[in-house]
A.B. asks: 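Let me begin by handing over the structure; questions about it come next.
When a ligand or atom number is given, it counts from 1 through the structure's own listing order.
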Amino acid sequence: MKPLSSNSLFIGKVAKYLERIDSTNAFANNLLAKSNPIEGTVIYTDDQYAGRGQIGSKWESHIGKNIIMSVILFPKFLPIQNQFLLNQVVALAIYDLLKPFKFKSGHLAIKWPNDIYIGTKKIGGVLIENKLRGTSINATIIGIGLNINQREFAKDLPNPTALYLETGEEHALDVLLEGLCLSLERRYLQLKAGNESVLYKDYVHQLYGYEEWRFFTVVATGEELYGKIIGVAATGVIQIMTKDNILEFAFKEIQFIH
Ligand code: BTN
């Protein structure tokens, strides 16, 4: 990948390219533990061989095909109980980056909490690792994996897609990476400026299945649930209205039936 030439104020101004690394999030964690990186430092690679996904899963990416990055931020202004706002910031930043494209599989959406979907297929994932101190967030590592030019995926992945598969064209990784730094910075500055209501409104409106009556599976019981997503609480739990109740579920407690 070409070096990052960012026009941003701080995200990506310092960028460290690694030819090959186990995980950019792991590298960023080490950097934070052993030095004082400046806010907005970006770590990116063409070859991540042990990428980390949500809840202990793996993130696989073919060499030189996708955006694989981690960003270090210091949202010390954010109380711990509001940490889900960071998920909204990142999901919206990716959404904003991809919005101008036309897709083959359907429309672009954020699948709660912060997967990026096109139709029923996943194009991007986010892994946020917050470092807490007292009642606030001392630092955060925002890991983003976004499938761009990869054409084939492992058979056991349920529903992957990539920008190439959706647009029929290859895309320059350096240009998209720079765009992502800019969109992330814009959304992060919205958060810093206290525009939480704008972030929330934008986030819920782009949510996959928002205000649509659908079937879900309650993971603990295997029970089927018919309801519609009506919002996401500050804690990040999803709120689903059924015909008699409003129910709340944490991550992995509920599954969509596509
Ligand atoms: C998910 O499971 O959906 C989250 C995937 C996050 C993957 C990215 S790739 C860059 C960064 N480094 C990692 O090891 N993981 C994140």
A.B. asks: Identify whether the distance between the nearest side-chain nitrogen and carboxylate oxygen of Arg151 and Glu170 falls below 4.0 Å.
C.D. replies: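 Here Arg151 pairs with Glu170 in a salt bridge, since their nearest N and O are under 4.0 Å apart.
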A.B. asks: How would you list, by chain and number, the residues with a heavy atom under 4.0 angstrom from ligand 1?
C.D. replies: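 Within 4.0 Å of ligand 1, the protein residues are Ser23, Thr24, Asn25, Gln48, Gly51, Arg52, Gly53, Gln54, Ser57, Trp59, Ile68, Met69, Ser70, Asp115, Lys122, Gly125, Val126, Leu127, Gly143, Ile144, Gly145.
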A.B. asks: ring-ring contact (aromatic ring centres under 6.0 Å, His included), that's the test. Do Tyr226 and Trp213 meet it? Break it down for me.
C.D. replies: CA-CA 7 Å; Tyr226 187 60; Trp213 286 92; 5.5 Å; yes
A.B. asks: Measure the acute angle between the ring planes of His171 and Phe101, then classify it against the limits of 30° and 60° as parallel, tilted or perpendicular.
C.D. replies: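 Aromatic pair His171/Phe101 classed perpendicular.
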A.B. asks: Are Glu166 and Lys102 within salt-bridge range, i.e. N to O under 4.0 Å?
C.D. replies: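 Judged by the 4.0 Å cut-off on N to carboxylate O distance, Glu166 and Lys102 do not form a salt bridge.
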A.B. asks: Start with the C-alpha distance between Val42 and Val14, add both sets of side-chain angles, then the distance that settles side-chain contact (heavy atoms from CB on, under 4.5 Å), and finish with yes or no.
C.D. replies: CA-CA 6 Å; Val42 167; Val14 170; over 6 Å; no
A.B. asks: Cationic tip of Arg187 within the cone over Tyr95's six-membered ring, i.e. under 6.0 Å and within 45° of the normal?
C.D. replies: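 Cation-pi check for Arg187 and Tyr95: fails.
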